[in-house]
K.L.:
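Supplied in structure tokens, the structure appears directly below.
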Amino acid sequence: MSDRWAVAATDGGGALLVPLGRDGRPSGDVRAEPDLVAAVGSRPEVGRWVWRSTAEIYPRLLGAGVRVERCYDIEDAESLLLGHEGRHGEPRSAAAAWARLHDRPVPPDPPQRAAEPGSQSSLFEPQPVPVPFEDLLEVYADQQRRHEAAEHPDRMRLLTAAESAGMLVAAEMNGTGLPWRADVHRAVLDELLGERYAGGGDPRRMAELTDEISAAFGRRVRPELPADVIRAFAQAGIKVKSTRRWELAEVDHPAVEPLIAYKKLYRIHTAHGWGWLQDWVRGGRFRPQYLPGGTITGRWVTNGGGALQIPKVIRRAVIADDGWRLVVADADQMEPRVLAAISRDPGLMEVAGQPGDLYKAVSDRAFAGDRDMAKLAVLGAVYGQTSGDGLKNLAALRRRFPRAVAYVDDAARAGEEMRLVRTWLGRTCPPAVGSGDDGEAGIPQDDDRPSAAVREGEFTPGYASTNARARGRFTRNFVVQGSAADWALLMMAALRQSLKAAGLRAELVFFQHDEVIVHCPAEEARTVAEAIRAAGDLAGRIAFGETPVRFPFTTAVVECYADAK
DNA sequence: AGTCCTCACCGG
DNA sequence: AACTCCGGTGAGGACT
């Protein structure tokens with residue numbers, strides 16, 4: 001009996017299946033069965049299902065009430081392995097992987113489809129490039145070999161397994177949905193924005209603010225158009241470079257206050273207003289389409305719905321069902337803790353192994369008890385702050401925590417020199433490639449055009465180019481944020497397993513970088529909170545091995561999300 | 001009509 | 001005091 005099976009869907013709802021041996025190759029005959037759901041559902045003893053794409057197959061199983069224990073997503077693994085091998089741009093489909101194995105022409109990946117609001121299908125799935133089952137099995141076996149060639153094979157196996165688990169979590173959360181009270185949301189909108197007029201246009205409160213702004217300028221101004229606002233200020237004799245809130249706040253003019261108020265409402269109106277509610281909330285649930293590993297650092301994104309940017313005021317609409325609760329858990333200072341674990345800086349590990357406020361402990365050691373300064377210094381080190389007080393604080397940080405600062409400095413230098421940079425588990429940041437517009441989004445490129453800073457005369461001769469330094473900031477942050485995403489992925493996988501093993505009715509309903517929400521009957525809340533704490537600990541041990549660093553959570557048991565903080 | 005870009009905000 | 005790192009979102013406007 002094998003505990004690992006490969007499966008592929010066939011036309012008409014059927015399936016091809018085969019047990020796999022330890023070497024990743026089939027250990028029995030391929031069998032064809034007429035019903036995919038029955039084929040998987042009748043084999044609960046299978047420990048891990050190997051398939052081309054979770055997005056393709058798992059929503060169908062979930063729809064029929066079949067959950068699986070673990071899986072291995074071949075195309076997701078292909079993407080991670082290609083990255084690790086420094087081949088980020090190559091097509092990641094299983095068909096492409098097979099073609100590369102056989103020196104055949106490699107088919108390009110299809111473009112991704114746009115999100116369909118409220119869709120029950122979990123992950124947005126590009127049109128698959130068809131691949132025969134035998135070819136798929138060959139690709140899988142070869143991927144096992146490629147794991148062995150990784151810089152740290154054990155970590156690389158952990159990474160692909162964890163992200164596959166993330167795919168399961170994402171699909172299941174999409175099926176479950178985040179409890180969302182449309183009536184409460186509408187009440188919030190009415191209260192903040194005012195009623196809508198039958199004829200369309202801005203709601204009442206926004207229209208009133210537009211009138212106030214126009215009165216202050218003495219002419220009609222459209223506050224949602226930055227160019228119009230800048231013009232209006234210029235006519236009033238005030239030069240502003242932009243209409244960003246922090247810049248306007250410095251200006252002494254009667255239009256400033258209503259302008260800032262308008263911006264806040266405009267944002268809610270356009271991004272989380274009545275239209276959003278109409279599009280994204282069905283049957284009391286909000287179903288964002290999560291995509292694990294959707295960013296270069298491994299953080300998740302959602303495709304539509306803006307689930308990772310829900311404004312605080314709108315969180316009032318997230319309310320548990322009757323008799324149920326939301327367990328909202330936030331990892332405490334995840335980034336400096338992760339930096340301690342990956343750099344093995346003795347001082348920072350000691351600080352991150354103590355209970356209590358990490359920034360306070362850092363400030364006691366290096367900043368004479370000034371917590372704000374300590375926090376700024378730590379974040380500056382992680383974000384690559386290059387000016388102001390940050391530099392002075394960074395020097396103090398370097399004296400007390402030399403290995404931690406050296407770790408991010410090394411990552412920055414590697415980025416500037418176009419070398420590959422990896423997270424702890426082996427997710428790899430691409431070096432900037434090419435010179436046109438075909439590079440990875442977010443990676444500063446070297447190109448022939450001078451950057452804005454260069455044109456403005458800020459270029460520093462004798463030092464790395466502006467773009468190289470931008471890459472350095474990127475990779476400096478990448479090793480910390482990405483390793484934090486590694487940890488979070490393992491934490492979610494562990495939590496999913498333990499909730500299931502405990503036989504609870506609790507369900508994971510939300511995940512946002514360092515925060516998780518579980519929806520559960522009130523009487524399960526204490527057990528769930530403990531499960532979250534244990535999952536964080538376990539993830540720390542699995543990811544980083546023996547380390548004194550702890551990963552505690554701040555946990556709240558609430559009926560309404562807005563009450564969690 | 002569709003695509004791409006900028007702006008400014010939201011969240012971590 | 002300044003707006004550093006990672007993203008998504010819509011509106012408006014310039015362009016093809």
Side-chain angles (χ1 to χ4, degrees), chain A residues 111 114-115 117 202 222-230 240-250 259-273 275-276 279-280 288-291 293-315 330-335 339 372-373 376-394 408 411-412 415 423 429 437 440-444 452-453 469-485 488 510-516 561 565:
Chain A
D202 277 354
R222 293 179 59 188
E224 79 276 21
L225 299 183
D228 199 28
V229 173
I230 289 173
V240 290
K241 288 174 65 182
S242 74
T243 64
R244 288 184 177 85
R245 188 210 315 234
W246 61 266
E247 186 172 349
L248 292 189
E250 308 287 301
L259 261 174
I260 289 175
Y262 183 92
K263 283 168 178 297
K264 195 162 191 65
L265 301 188
Y266 178 75
R267 165 73 189 175
I268 289 171
H269 182 51
T270 57
H272 293 277
W276 181 92
D279 287 344
W280 288 99
Q289 297 176 17
Y290 290 97
L291 182 64
T295 69
I296 293 167
T297 60
R299 280 187 168 189
W300 296 22
V301 297
T302 61
N303 185 30
L308 305 184
Q309 301 100 228
I310 302 169
K312 295 237 159 68
V313 283
I314 299 299
R315 295 178 182 186
D330 217 287
D332 299 331
Q333 307 102 26
M334 182 172 59
E335 289 179 341
L339 177 56
D372 288 345
M373 196 183 284
L376 229 57
V378 170
L379 294 178
V382 171
Y383 290 162
Q385 182 145 37
T386 53
S387 64
D389 288 347
L391 275 189
K392 200 175 66 211
N393 295 339
L394 188 60
V408 289
T423 67
C429 181
D437 49 9
E440 297 273 351
I443 305 283
R469 276 176 288 155
R471 275 201 310 276
R473 284 197 302 277
F474 190 107
T475 51
R476 174 191 295 272
N477 182 253
F478 173 87
V479 291
V480 179
Q481 189 187 110
S483 299
F510 188 69
F511 171 57
Q512 180 177 231
H513 312 314
D514 63 351
E515 180 181 4
V516 59
Y561 186 19
K565 279 181 186 165

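None of these values were measured; they are calculated from a predicted model. Convention: sequence-line order gives letters A, B, ...; per-chain numbering from 1.
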K.L.:
Rounding to a whole Å, what distance do you find between A/N477:CG and C/dG7:C1'?
P.N.:
11 Å
K.L.:
Could you say whether A/T270 or A/E250 is positioned toward the 5' end of DNA chain C, judged by the nucleotide with the nearest heavy atom to each?
P.N.:
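Upstream on the strand: A/E250.
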K.L.:
Check the distance between C/dA1's P and A/M373's CE and give it to me in whole angstrom.
P.N.:
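So the CE-P distance, A/M373 to C/dA1, works out to 14 Å.
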K.L.:
Side chain of A/R245: nearest nucleotide among B/dG11, B/dC9, C/dA11?
P.N.:
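Among the listed nucleotides, the one closest to the side chain of A/R245 is B/dC9.
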K.L.:
Any sub-3.5 Å donor-acceptor pair from A/T295's side-chain atoms to A/G298's backbone N or O?
P.N.:
yes
K.L.:
Among B/dG11, B/dC9, C/dA11, which is the nearest nucleotide to the side chain of A/R315?
P.N.:
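Selected nucleotide (nearest to the side chain): B/dG11.
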K.L.:
What is the distance from CH2 of A/W276 to P of B/dC10, rounded to the nearest Å?
P.N.:
17 Å
K.L.:
Please report, rounded to the nearest Å, how far the P atom of C/dC6 is from the CZ atom of A/R471.
P.N.:
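In whole Å, C/dC6 P and A/R471 CZ are 13 Å from each other.
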K.L.:
Is it true that a side-chain atom of A/K263 and a backbone atom of A/T243 form a donor plus acceptor pair closer than 3.5 Å?
P.N.:
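Yes.
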K.L.:
If I take atom CD in residue A/E247 and atom C1' in nucleotide B/dC7, what distance separates them, rounded to the nearest angstrom?
P.N.:
13 Å
K.L.:
Could you state the atom-to-atom distance from CD of A/Q289 to P of C/dT9 in whole Å?
P.N.:
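Rounded to the whole Å, the gap is 10 Å.
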K.L.:
Is the distance from OP1 or OP2 of B/dA8 to the nearest side-chain N or O of A/K263 less than 4.0 Å?
P.N.:
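Looking at the OP1 and OP2 atoms of B/dA8, neither is under 4.0 Å from any side-chain N or O of A/K263.
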K.L.:
Evaluate side chain to side chain contact (heavy atoms under 4.5 Å, CB included) for A/W246 paired with A/I260, printing each intermediate quantity in order.
P.N.:
CA-CA 9 Å; A/W246 61 266; A/I260 289 175; over 6 Å; no
K.L.:
Using a 4.0 Å heavy-atom cut-off across all strands, classify A/I268 as base, sugar-phosphate, or nothing.
P.N.:
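It contacts nothing in the nucleic acid.
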K.L.:
Please determine, for the side chain of A/F474, which listed nucleotide (C/dG12, C/dG7, B/dG12) has the closest atom?
P.N.:
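Shortest atom-to-atom distance from the side chain points to C/dG7.
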K.L.:
Between A/T302 and A/Q289, do the side chains contain an N or O donor and an N or O acceptor separated by less than 3.5 Å?
P.N.:
no
K.L.:
Nearest whole angstrom, please: distance from the P of C/dG8 to the CG of A/N303.
P.N.:
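Computing the A/N303:CG to C/dG8:P distance gives 9 Å.
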K.L.:
Rounded to whole angstrom units, what separation is found between the NE2 atom of A/H269 and the C1' atom of C/dT9?
P.N.:
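After rounding, the reported distance stands at 14 Å.
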K.L.:
Nearest to the A/L225 side chain among C/dG12, C/dA11, B/dG11, which nucleotide is it?
P.N.:
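Selected nucleotide: C/dG12.
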K.L.:
Classify A/R299 by what it touches in the nucleic acid, base, sugar-phosphate, or nothing, heavy-atom distance under 4.0 Å.
P.N.:
base
K.L.:
Taking only side-chain N and O atoms of A/K312, does any of them lie within less than 4.0 angstrom of OP1 or OP2 on B/dG12?
P.N.:
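True: A/K312 side-chain N/O within range (under 4.0 Å) of B/dG12 OP1/OP2.
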K.L.:
Select from A/E224 and A/W246 the residue whose nearest nucleotide in DNA chain C is closer to the 5' end of that strand.
P.N.:
A/W246
K.L.:
Treating A/T475 as the side-chain partner and A/G472 as the backbone partner, does any N or O pair qualify as donor plus acceptor under 3.5 Å?
P.N.:
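Yes; judged by distance alone, with no hydrogens or angles, the pair exists.
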K.L.:
List the steps and the verdict of side chain to side chain contact (heavy atoms under 4.5 Å, CB included) for A/I314 and A/Y561.
P.N.:
CA-CA 9 Å; A/I314 299 299; A/Y561 186 19; over 6 Å; no
K.L.:
The side chain of A/Q309 is closest to which nucleotide in this list: C/dT9, B/dC9, C/dC6?
P.N.:
C/dT9
K.L.:
Does A/R222 have a side-chain nitrogen or oxygen under 4.0 Å from the phosphate oxygens OP1 or OP2 of C/dG12?
P.N.:
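The answer is yes; a side-chain N or O of A/R222 sits under 4.0 Å from OP1 or OP2.
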K.L.:
Give A/Q481 one of three labels, base, sugar-phosphate or nothing, depending on what nucleic acid heavy atoms sit under 4.0 Å from its own.
P.N.:
base
K.L.:
Of the candidate nucleotides B/dG12, C/dG7, C/dT4, which contains the atom at the shortest distance from the side chain of A/I296?
P.N.:
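Closest nucleotide among those given: C/dG7.
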K.L.:
Once hydrogens and angles are ignored, does a donor-acceptor distance under 3.5 Å link the base of C/dG10 to the side chain of A/R267?
P.N.:
no
K.L.:
Does A/E247 use its side chain to pair, donor to acceptor, with the backbone of A/K241 at less than 3.5 Å?
P.N.:
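Yes.
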K.L.:
Side chain of A/T295: nearest nucleotide among C/dA11, C/dG13, C/dG7?
P.N.:
C/dG7
K.L.:
Can you identify which nucleotide, out of B/dC10, B/dC7, B/dG12, has its nearest atom closest to the A/K264 side chain?
P.N.:
B/dC10
K.L.:
Just to be sure I understand the rule, does A/G294 reach a base, reach only the sugar-phosphate, or reach nothing, if contact means heavy atoms closer than 4.0 Å?
P.N.:
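Nothing, no nucleic acid heavy atom in range.
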K.L.:
Of the listed nucleotides (B/dC10, B/dC7, C/dG13), which one gets closest to any side-chain atom of A/T243?
P.N.:
B/dC7
K.L.:
What contact category does A/F478 fall into here, base, sugar-phosphate, or nothing, at under 4.0 angstrom with non-hydrogen atoms?
P.N.:
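Touches nothing.
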K.L.:
Nearest to the side chain of A/S242 - C/dC3, C/dC5, B/dA8?
P.N.:
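Of C/dC3, C/dC5, B/dA8, B/dA8 is nearest to the side chain of A/S242.
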